[in-house]
Amino acid sequence: MARAAADPSLRIARYRGFVAQTLSRFEEAVEAYAFVIARMPNDVDSLNNLGNARSAVGDLEGALSALERAVALDPAAAPTRLNLALTYRAAGRMAEAEAALRNAARDFPQDPRPLHELYILLKEQARHELALEALEAAADRDPDDMGMQLKLAIEYGILMETDKAEQAYLRVLANRPQEALAYLGLAIHYEHHNRGDELAPLLERAAANAIDAGTRAFLAALDHRRADRFQEALDCLERVPAEIEPERTAHLRAMVLDRLGRADEAFHWIEETGRLHAGHESAPLSRAAQLRAQVRGEIGRMQSDWARGWTPDPAFTEADPVFLLGFPRSGTTLLDTILMGHPDTMVLEEKPALNAVEDAIGGMEALAAMDEGAVRAARAHYFAEVERYGAAPAGRMLIDKSPLYLYKVPLIRRLFPQARIILALRHPCDVLLSCLMSNFRLNRAMSNFLRLEDAADFYDASFAHWERAQALLGVPTRSVVYERLVQDVEAEVRPLFDWLGLSWTAEALDHRRTARERGLITTASYSQVTEPIYQRAAGRWHRYRDHLSSIFPVIAPWAKKFGYEL
């Protein structure tokens, strides 16, 4: 610093700070830029650089002090505005970071960077819809940035904007034909959209563009699995590197081994899939445990005096929904597809309409205190949510299918006193095995299926909640048993239609036609529901008996209650 101190122009000090920062010697950069600012307090560029250097050494308050001064002196400096916003985020001052990014996006209408950083900020806060809006706006400002287009495709897929996801992936491939991630994303899109016949052409396109062998092996494995070429699929999976879609690859390996009858190996990969998912940064195991604790806590609060304290049911003009529920993987997707095939029904499939209402009113704790006005407002909110999802019944019977409404019976009964429930039942061992074998999205409910013991505990808690609520509230219910459904679908469905007051129509039994017409299937049954009804999954648990035996003490009472044997 001696030569810098002797230079009255401060050029040497500035250059020293720049070189030190370039070499990641941030302590020296701080010293150099602080020297400049002590002598020239309004040097905006040096204030900006000092803020960045201080941030790099962990002095976030010092960084903010420098950057705020720089912005105050020159609010038209877009990079400084962005640096200030990012430092607010690093300091945990999220509201200020968001405001700074939104203001920068407004003041620099051609610059995509503030909007892209806003997307990252909102994504970190799980504000997914707003994050997507920010990313869309950023991509509009720079439509040639294929990195943003790829992120758009992924985000559209997460939010089930399937047509937009596909178009974004195709834009990436048109402009960057060797982008392996776009091939992977598009393949998974085709898989979930029941468009398996497009996997082979996609694989040919990947080969023509010299996509790496590992990616092509993954695509080929998907194609072979869809065509029931299970050994060929397994051979391809052996060539997929560990860094390519590790969770999906492990899951696919488990499914293929199961179909090859290699149960012990399949269960190893089932557990490995769960282990990989359990390491996600969102702490899924912790969130799963919190939900189980919540469900069990609600059971304790459901006492007779609690239910007797409710205000009388108001009279309503609109018909109450029918709710289709049951533990996941109990055949609800097959059943809702059959119900979709009836012209007088409208099925709402696993949309969080009721969850939105529950959050708005304050959960189960609020039910006893609701007066007539509150109940009417909550019902109106529910039907508004239904309409938002494009499922307004318009004179048809609304069937709200969401398996884990199993522990929302008090809410259903409070808002819809004339509601009826279809309860899907299946052998508990087959249910839990299938849950473990399903590659669910890691929300707090589905995170219970990463480990066998958690899945069994969740099953026990969910049905204990169901039993307690039914004992208190007695919502009219009809059970549909999976094993009987796949044995003789008409014999199981016709009485259900009679109970619902639906006329009999044999066309509803053509579930494959209905599944093809519905397009995207958002549940874990997307690949099965387009197949002919099969019985191979009924009793599959026997092949895994030794692996499941540790949970028998938990599920034995439920198996007996539902008429099953272990």
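It should be emphasised that the depicted structure is a prediction, and the values quoted were computed from it without experimental measurement.
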I'd like to know whether the aromatic ring centres of [X] and [Y] sit less than 6.0 Å apart in this structure.
X      : Y      : answer
Phe497 : His342 : yes
Phe327 : Tyr482 : no
Tyr169 : Tyr156 : no

How are the rings of His465 and Tyr407 set to each other: parallel, tilted or perpendicular (split at 30° and 60°)?
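Rings of His465 and Tyr407: perpendicular, as their planes differ by over 60°.
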Classify the angle between the aromatic ring planes of Trp306 and Trp310 as parallel (below 30°), tilted (30 to 60°) or perpendicular (above 60°).
perpendicular
Any salt bridge linking [X] with [Y]? Criterion: basic side-chain nitrogen under 4.0 Å from a carboxylate oxygen.
X      : Y      : result
Asp258 : Arg540 : yes
Glu98  : Arg89  : no
Arg301 : Glu365 : yes

Check the pair Trp541 / His427 against ring-ring contact (aromatic ring centres under 6.0 Å, His included), numbers first and verdict last.
CA-CA 9 Å; Trp541 72 273; His427 195 296; 4.8 Å; yes
Arg379 to Phe416, cation-pi by 6.0 Å centre distance and 45° axis angle:
no
For Trp499, is the NZ or CZ atom of Arg420 found under 6.0 angstrom from the centre of its six-membered ring and inside 45 degrees of the ring axis?
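Yes.
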So CG of Leu325 and CD1 of Ile422: to nearest 0.5 Å the spacing works out to 8.5 Å
Is a side-chain donor or acceptor of [X] paired with a backbone partner of [Y] at a separation under 3.5 angstrom?
X      : Y      : value
Asp313 : Pro417 : no
Arg451 : Gly274 : no
Ser447 : Ala445 : no

Reference residue Lys401; test side chain to side chain contact (heavy atoms under 4.5 Å, CB included); the match among Leu335, Leu348, Leu339, Thr333
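One option only clears the test, and that one is Thr333.
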